[in-house]
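Below, each value reflects all heavy atoms present in this structure, side chains not excepted, and no hydrogens, waters or symmetry copies. Order of the sequence lines sets the chain letters (A, B, ...), proteins ahead of strands, with each chain counted from 1.
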Amino acid sequence: MGWAVVLGVPAACWIERSVLDKGGGLWHLGPPMSELPKAYEPQAVEAKWYAAWMDGKCFEADPASAKEGYSIVIPPPNVTGILHLGHVLNNALQDILARRARQQGKEVLWLPGTDHAGIATQTKVERQLRDEEGVGRRDVGREEFLKRVWQWKEKHGGIIIQQLKRLGCSCDWSRERFTMDAAYSKWVSQVFVDLFKQGLIHRGKRMVNWCPVSLTALSDEEVIMTPQRSKLYTMRYELADAAGEYIEISTTRPETLMGDTAVAVNPKDPRYVNHVGRKVKRPFPPAEIPIIADEHVDLAFGTGALKITPAHDKADFEIGVRHGLEIIDVLHPDGRIHCPACPDLDGLDRFVARKKAVAKLEAMGLLIKVEEYDNNVGFSERAHVPIEPRISMQWFLKYPCVQQAADAVANGDIKFRPERWAKTYAHWMENLQDWCISRQLWWGHQIPVWYRKDKFAALRDAESLDMHDLGAGDIHVGVDAPADAASWVRDEDVMDTWFSSWLWPFATMAEVGEESPTLRKFYPTCDLVTGPDIIFFWVARMIMAGFQFAGGVPFKNVYFTTIIRDLQGRKMSKSLGNSPDPIDLMEKYGADGLRFGLMRIAPVGSDVRFDETSVEEGRNFANKLYNACRFRQMAGEGNAGSLTLPERNTGVPPVREDSASRLSALETTGSKPVVHDRQDACPPVNPPISAGAGAGALQQDQLPPYHLDIIAKLDALAAGLEESYAEYRFGEIAQRLYEFLWSEFCDKFLEAVKLDLRESATPEARAATLGTFDAVMSRYLQLMSPYMPHITEELSARMGYVREGEYLMQQVLPATPLLTVDAAAAQARAAAIYEAAGRMRNLKAEYKMGSRKDVRFVIKSAPAWLADESKVLALLVGAAEIRLDSAYEAVKGTPAAVTPLGEVYMPLEGLIDVAAERVRLSKEIERIELEVKKCEGKLGNASFVERAPPEVVVQETARLAEWHTKLQQLGEMLAALT
RNA sequence: GCGCGGUUAGCUCAGUGGUAGAGCACCUCCCUGACACGGAGGGGGUCACAGGUUCGAACCCUGUAUCGCGCACCA
């Protein structure tokens, strides 16, 4: 029984069975089929192998291993997240790195997990609460609300983890972490306490970015500056001491004028030298406010006079502090106006109030003009509404280890790729502002600070009270609550989500205070793969935390991915609906196809425009690979033993029991293969074609040129990949893999050796060819494996390149080249033949015989060795015969070409029915003459030339020229026939 | 305003001083025993523009245009 029969069961069929029968039991063949499916069907194969890898614990990292460690921590996706193409790119890259490291014999830890995503998650659950129960979070209370969030997380959270598995990610899932895990939370508190004790964390009233929808403070990084088309209002305030005299002021925010406590001008402004120190009348609520002089005011902008609203603008606040101005807050936290003195505005939304305030000014005759104006407005990253600068009591962190962190990147201890991001990083590090780490949310790590109950109310009410005003006995900062908890009350705020994320590389590997073997083995991590958009949010902060808490850099290399855009160059986003669902793409093209397609385009250049056709290419490539192997199966067993059915179903696809014999296809028949221990650091997947095995073994120097050529090219591929990996050039790797398989292996080698697999071939030729195929393909599949893990595993198993119970993904890549002899001469011959074949096919096509098989060629002055290869050449060219004849005298007009193999002639006689061909040519000529007439008629028509668009005329002219050329060619061919 | 990146075939993109490339799309022929998710052949580019360096420039330098991104300002 041969392979064709075993593999005759459609993949999907036996996979289903194997899944159903997964506990063991006999595996039976379905109804016999004649052939493997022609097209590769990835879905079931991918699911099957992922399950097998998990069963085999292939992804689990052993800190006790003697092997060199290699580690990556995943950038934890939001627990609410749904997989998008950015995730796919990012995680496919990490998977490639992890799988490649395993092939290099390293002990690999790819540590996965999710992020609790404070605002995003809380918002989601709040919305659900509102939709389903019609209540807000305050209605249910903090404790109950948090219970709901956890419930939601257990039920819906982590969808993205399942999706990453679908993609084939080889994470050590036994170590999955969540930023709200108890152990992780302890780290967060501990870090807060430590930093507090060092005096780096403090609490105070400051101007922060306030999100009126989420009702929380945001860090500067969470504010997105967005260009807006706004209006610039110019109004006038009357001078208090000179009725009828005004000062003109421009503003974009008239709705905050109730909070104005001054008007500022530049001290150098000649227009206003006489104004400084006087007072103007604020229109509503009526008040007299001073005109002050401050350097900050730009003389050139607007009227040169600036209204100062210290409560609602960062710059105004600073001016207010400098001049000791009163701070009047006229906004509620949710963005509504708070101004009882103006009842008509009080309680209105800020944007509604703006219109009303303008109307009021106009009615009072104080509005001068309204202009269209483009400016930038800060938007909340999550809630997508304009933020409000707002003064509030918050916790701030002064960043630790800034200099060390900056130096680490500058001096190359941490290497950024592409390197240019180092500059962006350096710039940010030089301009650090304190980090506002408190958030007025419930979902997150609560600030580990307790206040004495009796003092707490005072703290809350007295807005000026700073934490540092509290006596040491009134505040407790610690990981655990104070002993007499009843008399304390905890700070209500939670921490910014990034305040937990920045600990990720080490907090996932060890508990607080734990002597962790994992940390010792795998920290610092080797590579971090992430998007440049979170270089400040996450990367920079992790580096600082690494120095502060883990004694050094958290990673050695950072690979910044590209941003995936749509074909119009827009960012992928849910609201635009331009983001294809990766799961759909995987259903359609397979995870391997998606991975490979993305790898070919995405990791190069800056941004990348995503086009589904690239995924289609990936799918097509997988199919090509599959069919190359299918070809091998159809060619039969060669000198290998016969097939038997696997006795047990292990959840792994059926593999020949004696698959080892395939591994030694060219070794002595009957010799027992060495069985490699799983722990063996370097088991060869497939021994190189033996150069010295026992009787019957083929020597490499006896192989035909095509064989040596492809072996040499495989070695070159392996070496090339080594270089590309060293430079993280993932697109280049994909391209090299693609070209080898398609252009070299399939288009050349496979075509050249087909004769060796025909019935008529000698057993030796057949054995040599199958052996070469297996040697090259087995190693190629291994090289391919990090990019397309599923199909390569499948094919390696089916082809018997990997023993039952073992996995390709665990095999170490052999360092030795396959080639053991000098192949330069053979490669030169192969190259000459391939090139000559191309030239000869050109000739055929030129004479419109591209698809005919009865063409005969004569080669004059051919090298002697070509005699052995002329049949192969004939096959490559698609010729009936290739004659080597040094004495050949070509008839005049015989088509000819110069090739590396000598002059090649393509005599036409006997090829075609001359009479019929003449008729055909004559008819063709007639047809074209007609076209020419049409063309000429058109171009001769004055009104066409004048009225038609110029490009159409040009096109028509070009067409005419083409017809003329063609006509001449056909004429020559006709002449050659007579 | 400062900085970074891009501009190469119809499209998406490679290409670090030596004859302009790939895939897709297009045209012609072919369902030939691995593959039509395929094979053979073909057309198509003033490498954004202008200077410069060089024997030689898509590539190095200078400037311009244009698109995108980041930072700062924005009354």
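- Environment of CD in A/Glu419: sparse, with no more than 12 heavy atoms of neighbouring residues, nucleotides or ligands closer than 6.0 Å.
- Qualifying side-chain contact (heavy atoms from CB on, under 4.5 Å) partners for A/Glu372, counting only residues two or more places apart in sequence or in other chains: A/Arg229, A/Lys231.
- Between the P atoms of B/rA25 and B/rA40, the separation comes to 15 Å (whole Å).
- Heavy-atom nearest nucleotides on RNA chain B were determined for A/Ser743 and for A/Gly838, and the one closer to the 5' end corresponds to A/Ser743.
- The interatomic distance linking A/Phe596 (CZ) with B/rG23 (P) rounds to 13 Å, in whole Å.
- Evaluation of atom-type donor-acceptor distances gives no pair under 3.5 Å for the side chain of A/Glu751 against the base of B/rA40.
- A donor-acceptor contact under 3.5 Å is not formed by the side chain of A/Lys423 with the base of B/rC4.
- In this structure, CG of A/Leu750 is placed 12 Å from P of B/rC35, rounded to the nearest angstrom.
- When both pairing distances are held under 3.5 Å, B/rU32 makes no Watson-Crick or G-U pair with any nucleotide shown.
- Note on A/Arg841: only backbone sugar-phosphate atoms sit closer than 4.0 angstrom, heavy atoms only; bases stay farther off.
- Comparing B/rA9 with B/rA58, their C1' atoms sit 14 Å apart, to the nearest whole Å.
- Across all strands shown, B/rC37 remains unpaired; no Watson-Crick or G-U wobble contact has both distances below 3.5 Å.
- Residues satisfying the ring-ring contact (aromatic ring centres under 6.0 Å, His included) test with A/Phe596, not counting sequence neighbours, are A/Phe621.
- Between B/rC37 and A/Trp742, no contact under 4.0 Å exists linking OP1 or OP2 to a side-chain N or O.
- Between A/Phe773 and A/Phe631, the distance separating the two ring centers is not shorter than 6.0 angstrom.
- The side chain to side chain donor-acceptor pair (under 3.5 Å) check on A/Asp533 picks up nothing, with sequence neighbours excluded.
- Pairing of B/rU12, defined by two Watson-Crick or G-U wobble distances under 3.5 Å, is identified with B/rA22.
- Evaluation of the side chain to side chain donor-acceptor pair (under 3.5 Å) rule for A/Thr234 yields A/Ser250 as partners, not counting sequence neighbours.
- Remark: A/Tyr425 engages A/Phe416 in a ring-ring contact (aromatic ring centres under 6.0 Å, His included) (not counting sequence neighbours).
- Ranking B/rG23, B/rG5, B/rC37 by closeness to the A/Glu617 side chain, first place goes to B/rG23.
- Between B/rU32 and B/rG18, the distance separating the two P atoms is 44 Å to the nearest Å.
- A residue-by-residue look at A/Tyr40 and A/Ala264 shows that A/Tyr40 has its nearest nucleotide of RNA chain B further toward the 5' end.
- The aromatic rings of A/Tyr780 and A/Phe740 lie parallel to each other, with less than 30° between the two planes, well short of the 60° mark.
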Are any protein N/O atoms closer than 3.5 Å to N/O atoms in nucleotides 27-30 of chain B? If there are, list each pair with its distance.
residue: B/rC29; atom: O2'; partner: A/Ser851; partner atom: OG; Å: 2.4
residue: B/rC30; atom: O4'; partner: A/Ser851; partner atom: OG; Å: 3.0

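- The gap from the C1' atom of B/rU16 to that of B/rC47 amounts to 15 Å, rounded to the nearest Å.
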Can you check nucleotides 70-74 of chain B for protein contacts, nitrogen or oxygen pairs under 3.5 Å, and list what you find?
residue: B/rC73; atom: N4; partner: A/Asn376; partner atom: ND2; Å: 2.7
residue: B/rC74; atom: OP1; partner: A/His296; partner atom: NE2; Å: 3.3
residue: B/rC74; atom: O2'; partner: A/Tyr373; partner atom: OH; Å: 2.5

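- Shown here, B/rC49 forms a base pair with B/rG63; the pair counts as Watson-Crick or G-U wobble because both key distances fall under 3.5 Å.
- For a distance-only test at 3.5 Å, the side chain of A/Arg630 fails to qualify as a donor-acceptor partner of the base of B/rC35.
- Put simply, CZ on A/Phe621 is 17 Å from P on B/rA36, counting in whole angstrom units.
- Remark: the separation of the C1' atoms in B/rA14 and B/rA20 is 12 Å, to the nearest Å.
- The residue A/Arg758 sits close to a base: some heavy atom pair falls under 4.0 Å.
- Contact check, A/Lys853 against B/rU32: no side-chain N or O comes under 4.0 Å of OP1 or OP2.
- Atom name P, nucleotides B/rC61 and B/rG6: the rounded distance is 12 Å, in whole Å.
- Shown here are the side-chain contact (heavy atoms from CB on, under 4.5 Å) partners of A/Asp269, two or more places apart in sequence or in another chain: A/Asn266, A/Arg271, A/Tyr272, A/Leu299.
- The CG atom of A/Leu755 sits 13 Å away from the C1' atom of B/rU32 (whole-angstrom rounding).
- Using cut-offs of 30° and 60° for the angle between ring planes, the A/Phe749 and A/Phe745 rings count as tilted.
- With a cut-off of 3.5 Å on both pairing distances, B/rA58 has no Watson-Crick or G-U wobble partner at all.
- Whole-Å rounding puts the A/Ile563 CD1 to B/rG5 C1' distance at 11 Å.
- Among the atoms of the strands shown, none is found under 4.0 Å from any heavy atom of A/Lys307.
- The distance between atom CZ of A/Arg565 and atom C1' of B/rG68, rounded to the nearest whole Å, is 7 Å.
- Among residues two or more places apart in sequence or in another chain, the side chain to side chain donor-acceptor pair (under 3.5 Å) test is passed with A/Lys588 by A/Glu612.
- Across every strand in view, B/rG17 sits unpaired, with no contact that passes the Watson-Crick or G-U test at under 3.5 angstrom.
- When the P atom is compared between B/rC30 and B/rC67, the two are found 49 Å apart, to the nearest whole Å.
- The CE atom of A/Met777 sits 4.0 Å away from atom SG of A/Cys629, with the distance rounded to the nearest 0.5 Å.
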For nucleotides 16-22 of chain B, which of its nitrogen or oxygen atoms have a protein nitrogen or oxygen under 3.5 Å away, and what is each distance?
none

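- Residues satisfying the side-chain contact (heavy atoms from CB on, under 4.5 Å) criterion with A/His323, sequence neighbours excluded, are A/Ile292, A/Asp294, A/Ile319, A/Leu325.
- Residues forming a ring-ring contact (aromatic ring centres under 6.0 Å, His included) with A/Phe537 (at least two apart in sequence, or on another chain): A/Trp498.
- Pair assignment for B/rC2 gives B/rG70, based on Watson-Crick or G-U wobble hydrogen-bonding distances that are each under 3.5 Å.
- Checking B/rG3, B/rG41, B/rG5 against every side-chain atom of A/Ala845, the shortest atom distance belongs to B/rG41.
- Considering only the side chain of A/Thr613, B/rC24 comes nearest among B/rC24, B/rG38, B/rC37.
- The distance between atom CZ of A/Arg839 and atom P of B/rG41, rounded to the nearest whole Å, is 12 Å.
- Rounded to whole Å, atom P of B/rC24 lies 12 Å from atom CG of A/Asp611.
- Using atom P as the reference point in both B/rG43 and B/rC35, the two lie 29 Å apart (nearest Å).
- The aromatic rings of A/Phe301 and A/Tyr373 lie perpendicular to each other, with more than 60° between the two planes, well past the 30° mark.
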